[in-house]
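No experiment lies behind these values; they were computed from the predicted model shown.
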Amino acid sequence: MSQKGYACGRLVKVVVSRVPKPKDLDSFKQRCCQIFETDETKLFFLFSCENLEEEEFLAIADPDSNKELLNNYVRLFYGLNLELSSENIRAEIEKIGSRLLFSSSLEKLEKNVLELVALYPHPDVYRTAMRFFRLRENIEKLRSFGWELLELLPTDQEAQQILAESYLSERKLDKQDKKKAVRVIDPLWQREELNSEQAVRYADILEDIEEYSKSFDVVFPLCDDQELDDDIQIQAKLIAARTALKLGQTEIAARLILDIPPKQLGGSLIFLAIETLKDNGDLEGAFESAKQFIRREYNPTVIEQAASLAYQLNRVKELEDAIRSLAKFRTLKDESFYQNLKDCGLSELARELQKSSYKYSSGQNIK
């Protein structure tokens, strides 16, 4: 129906009237939006009440005869023209504020807030709902009404701030939420309103959605900040190094990883760290970094790097012990693992571990 109105060049507002007031007004409103194919800001209600069908005219002819019916009409007329409704909306919001101070039932107050939102699709109402559900620590509803407010007022700084905080404080966001988070966090970063920890988290989110250049721009200035907590600075350097590598800035990445403990390096960074230490003449440091990595994770390239260094430094036994530690915690049945050891000149170790793995598997089968 509303689609036809738009096609005619008219702004359609839908009034659902003569229906009983539902207990879950928000769900009812969403259902009506689907039925009438309209946005909730264009949907209004006139709920039924006693004698509505028989005495509807009394709302105008004799307003004192049925206060409930009169109030329903007043709300409807205010709602249809939100500029006229501002005073009424402010009065309703003030009521909620005073009830919040003295109410013993937040559940009842929550119902009042949701009813106000359903009746008045107005920025001040969405702001009130956003603040209320922030107090209630209901992240889902906080975000819902925060985004409704931003739909009407795209540059509203309070909504940006509250939404940004809700995303920055959550560690597990899906890709869609991360993209939404960027929309509200970026204005805060542009205004320099993020603290260092928030900026690092923002850079982390940007990296996750493959915005490598922006992530690097956000986090790189923090890498030399001496006032940062050590853990936050290491996290900043990790993100900066990874994104620099993605952007082809190998020299910057190589400089950054020298300040990161080897046990925190992984993936492509550990390869770069080993090669950088070797190029700088620090073969001992390169070998120790490779050995630490091997104790916790198998990677054929790192095994090759470590084997080469072990033979140069005459520390093959140390490397074998590190590989045994890895095998102890991981039952490695992949033949390529043993072949990797053989290719690196560690054939005896490969046979030893292969034999142990076979015995372990046989024992498990007997059990």
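- For Glu170, the CD atom counts as densely surrounded, since its 6.0 Å shell holds more than 12 non-hydrogen atoms of other residues, nucleotides or ligands.
- Between Lys246 and Glu207, none of the side-chain N atoms (NZ, or NE/NH1/NH2) sits under 4.0 Å from a carboxylate O, so this pair counts as no salt bridge.
- At most 12 heavy atoms of other shown residues, nucleotides or ligands fall within 6.0 angstrom of atom CD in Glu197.
- Applying salt bridge (charged side-chain N to carboxylate O under 4.0 Å, His left out) to Glu165 and the options Arg143, Arg134, Arg201 leaves one that passes, Arg134.
- Residues in residues 223-241 take part in these salt bridge (Lys or Arg N to Asp or Glu O under 4.0 Å) pairs, two or more places apart or across chains: Lys237-Asp259.
- Checking Gln157 against Gln161 by side-chain atom types alone, no donor-acceptor pair falls below 3.5 Å.
- Annotation: side chain to side chain donor-acceptor pair (under 3.5 Å) contacts involving residues 175-192, sequence neighbours excluded, comprise Gln160-Arg191, Lys178-Asp208, Asp186-Gln190, Asp186-Tyr202, Asp186-Lys214, Arg191-Glu193.
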Please tabulate, one pair per line, all N/O donor-acceptor pairs under 3.5 Å involving side-chain atoms of residues 273-281, not counting sequence neighbours.
| unit_1 | atom_1 | unit_2 | atom_2 | d |
| --- | --- | --- | --- | --- |
| Glu275 | OE2 | Gln305 | NE2 | 2.8 |
| Thr276 | OG1 | Leu272 | O | 2.7 |
| Asn280 | ND2 | Thr276 | O | 3.4 |

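- For CG of Asp174, the number of neighbouring non-hydrogen atoms (other residues, nucleotides, ligands) closer than 6.0 Å is greater than 12.
- Note: Tyr126 and Phe145 have parallel aromatic rings, judged against thresholds of 30 and 60 degrees for the angle between ring planes.
- Taking hydrophobic clusters as Ile, Leu, Val, Met, Phe, Trp and Tyr residues chained together by side-chain heavy-atom distances below 4.5 Å, Ile234 does not share a cluster with Ile232.
- Ion pairing between a basic and an acidic side chain is recognised when a charged N comes within 4.0 Å of a carboxylate O; Lys317 and Glu320 show no such pairing.
- Note: the hydrophobic cluster containing Val219 also contains Leu228 (ILVMFWY, side chain heavy atoms under 4.5 Å, direct or indirect links).
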